[in-house]
Structures are given as C-alpha cells and as structure tokens.
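One structure below.
First listed ligand is number 1; within each ligand, the first listed atom is number 1.
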Amino acid sequence: MEAKITVTETWLRKHRLLHVGATRHPFIHRIRDGNIDIPAFKTWLGQDYIFVRAFVPFVASVLTKAWKGSNDGDNDVEVILGGMAALNDEISWFKKEASKWDVQLSNTVPQKANQEYCRFLESLTSPEVEYTVAIVAFWVIETVYQESFAHCLEDGSKTPPELKETCQRWGNEGFGEYCNSLRKIADRQLEKASDDAISKAEAMFLQVLEYEVDFWNMSHGGI
Ligand SMILES: Cc1ncc(CN)c(N)n1
C-alpha cells in the first residue's frame with residue numbers, strides 16, 4: 001500500500017523552487033565550496049544573534065498555543081520545550097563564537113531584512129494566530145537551517161574546518177530528528193484543520209521561506 005502524501009509534502013513539491021532557494025542559497029554554497037568570505041560570515045553571525053533573541057518569545061508563544069491546543073497524549077509541549085532549551089545553548093554559543101571572530105554583538109545593528117523578519121515573528125505571537133499556522137512557521141524556520149547547514153557537511157563538501165562547528169550546530173542528526181518531530185506535529189494539525197486554516201498555513205510556509213532567502217541575502221551585501 002502506498003504511503004499517504006502529507007500536506008507538508010504536497011507544499012514541498014508544489015513550491016520546490018522557493019524551498020531550494022532558501023535551503024541552497026549562494027551563502028550556503030560558498031561555505032560548502034570553501035569560498036565563503038569571512039566578512040560575510042561575520043555579518044551573518046551578528047545578524048543571526050539578533051534574530052535568535054527575537055525568536056525566543058515567538059517559540060514561547062508557540063509553546064503556550066501547544067499547551068492550550070494539543071491533547072494530553074501528544075508530546076508537542078516536550079518537543080517545543082526541547083527547542084527552547086536548544087535556543088538557550090544557541091545564545092551562549094553565539095556569544096562565544098562572536099568573541100572568537102571578533103564580532104561586537106552589542107554594537108551590531110539589525111539590518112532591514114532582519115528587522116522585518118523580527119517584526120514578523122513578533123506579529124506571530126498574537127493569540128489570533130492559530131496553533132496550526134504558528135507550528136508550520138516554527139517547523140519551516142528550523143528546517144531551513146537544518147537542511148542548509150547539513151548540506152555543508154555532506155560528502156564532498158569543502159567546508160573550512162573553522163566553520164564546521166557552525167554547520168554541526170544545525171546540521172547534526174539530532175537537530176534533524178527534532179525538525180521531523182515539528183513536521184509531524186504540523187501535519188497532524190493540518191490533517192484536522194479547516195480549509196481556511198490550511199490556506200493560511202500554506203501562505204505562512206511561503207512567507208517564511210521568503211524571509212529566510214532575504215535573511216541569507218543580507219550576508220552578502222543585500223539589505
Ligand atoms: C534566520 C534564521 N532562521 C532559522 C534559524 C534557526 N533557529 C536561525 N537561527 N536563524
């Protein structure tokens with residue numbers, strides 16, 4: 001018997017070009033090919049630290065929605081809580097990495113694309129954004145980084161040794177399993193969602209991919 005195609009699978013097929021654009025961006029290709037220019041990496045590092053700090057309240061809002069909107073037997077709260085714990089480590093890692101690369105985090109000003117993305121995240125904390133839509137956004141945000149950085153660790157990649165730890169942070173198997181758990185939660189929610197909620201969630205899927213592309217663009221001179 002053929003496995004049933006999930007909603008997220010249909011979106012990934014339908015919007016393949018945009019998905020590839022977000023997960024195989026030139027910034028990632030340059031890391032993987034060993035051609036990354038260090039100022040671009042440092043720009044990404046400083047900007048992503050700002051993003052991650054804004055990501056925490058968004059994840060907290062998803063956690064609240066999971067607590068209200070999932071059943072006792074589901075482990076949504078545990079999965080999201082695990083993500084929050086990882087973010088705590090991530091913030092410490094950014095501080096350590098910034099000092100290694102001589103990036104002054106306190107002097108880093110968010111660029112336009114980052115400001116807009118952070119503002120968007122803040123808008124998603126509203127109780128009016130349903131759990132299904134919020135969990136889709138969360139899954140896409142985490143998965144773009146997982147797929148992008150895992151690509152830099154595949155056989156044949158020429159990622160410079162000093163950037164391997166960065167790629168491991170999101171490209172490791174454990175992070176991949178966590179992203180799969182988020183995807184399963186999203187698909188379970190989508191299975192029981194109204195047509196209207198599914199359309200909103202699909203629009204969210206596309207919007208997050210676009211924000212991610214703009215975010216990568218920033219690191220190589222885009223605004
Ligand atoms: C822009 C962006 N997107 C996703 C992630 C993964 N948490 C991140 N750190 N930064």
Side-chain angles (χ1 to χ4, degrees), residues 18-28 30-31 36 40-63 79-98 101 103 105 108-125 134-153 163 165-183 185-186 204-220 222-223:
L18 184 54
H19 178 245
V20 169
T23 56
R24 298 290 183 266
H25 189 273
F27 178 76
I28 286 299
R30 282 183 207 135
I31 295 180
I36 187 76
F41 177 76
K42 287 183 170 191
T43 300
W44 166 80
L45 191 74
Q47 293 298 318
D48 211 41
Y49 172 73
I50 295 172
F51 175 86
V52 169
R53 293 197 74 98
F55 192 47
V56 173
F58 163 71
V59 179
S61 76
V62 183
L63 185 76
V79 172
I80 299 161
L81 193 56
M84 285 210 92
L87 282 176
N88 190 25
D89 284 352
E90 216 165 284
I91 287 179
S92 309
W93 177 84
F94 270 104
K95 288 182 178 161
K96 182 176 72 89
E97 201 65 11
W101 292 98
V103 173
L105 292 177
T108 307
V109 178
Q111 293 189 22
K112 189 165 167 276
N114 198 5
Q115 267 174 15
E116 285 171 3
Y117 200 176
C118 292
R119 218 175 291 136
F120 175 68
L121 284 183
E122 194 180 347
S123 73
L124 299 185
T125 62
I135 196 80
V136 163
F138 188 27
W139 160 62
V140 182
I141 294 170
E142 296 288 52
T143 297
V144 166
Y145 262 42
Q146 201 280 327
E147 292 184 15
S148 299
F149 286 109
H151 187 54
C152 301
L153 299 171
L163 299 189
E165 194 186 305
T166 301
C167 301
Q168 279 288 350
R169 172 149 288 280
W170 293 279
N172 75 75
E173 247 178 68
F175 198 78
E177 281 163 22
Y178 155 68
C179 289
N180 274 337
S181 304
L182 291 178
R183 182 172 176 181
I185 296 173
M204 179 60 60
F205 171 84
L206 295 174
Q207 231 175 335
V208 171
L209 289 176
E210 279 162 7
Y211 275 115
E212 288 288 335
V213 172
D214 290 346
F215 196 92
W216 292 131
N217 285 345
M218 227 175 18
S219 316
H220 62 135
I223 11 169

May I have every N or O pair linking ligand 1 to the protein at under 3.5 Å, one per line with atom names and distance?
| from | atom 1 | to | atom 2 | distance (Å) |
| --- | --- | --- | --- | --- |
| ligand 1 | 3 (N) | Glu212 | OE1 | 3.2 |
| ligand 1 | 3 (N) | Glu212 | OE2 | 2.8 |
| ligand 1 | 7 (N) | Glu142 | OE1 | 2.7 |
| ligand 1 | 9 (N) | Asp48 | OD2 | 2.9 |
| ligand 1 | 10 (N) | Asp48 | OD1 | 2.7 |
| ligand 1 | 10 (N) | Asp48 | OD2 | 3.4 |
| ligand 1 | 10 (N) | Tyr145 | OH | 3.2 |

query: Taking the side chain from Thr125 and the backbone from Leu121, do they hold a donor-acceptor pair closer than 3.5 Å?
result: no
message: Can a donor-acceptor pair be found, under 3.5 Å and without considering hydrogens, that links the side chain of Asn172 to the backbone of Arg169?
response: yes
- request: Provide the closest heavy-atom pair for Ala137 versus Phe58 in the form atom of the first, atom of the second, distance.
  value: CB-CZ, 4.1 Å
query: Looking only at heavy atoms, which two atoms of Pro110 and Gln47 are closest? And how far apart?
result: CA-OE1, 3.4 Å
task: Could you tell me whether Lys96 and Glu165 have a side-chain N and a carboxylate O separated by less than 4.0 Å?
output: yes
- prompt: Do Glu212 and Tyr145 have side-chain N/O donor and acceptor atoms under 3.5 Å apart?
  reply: no
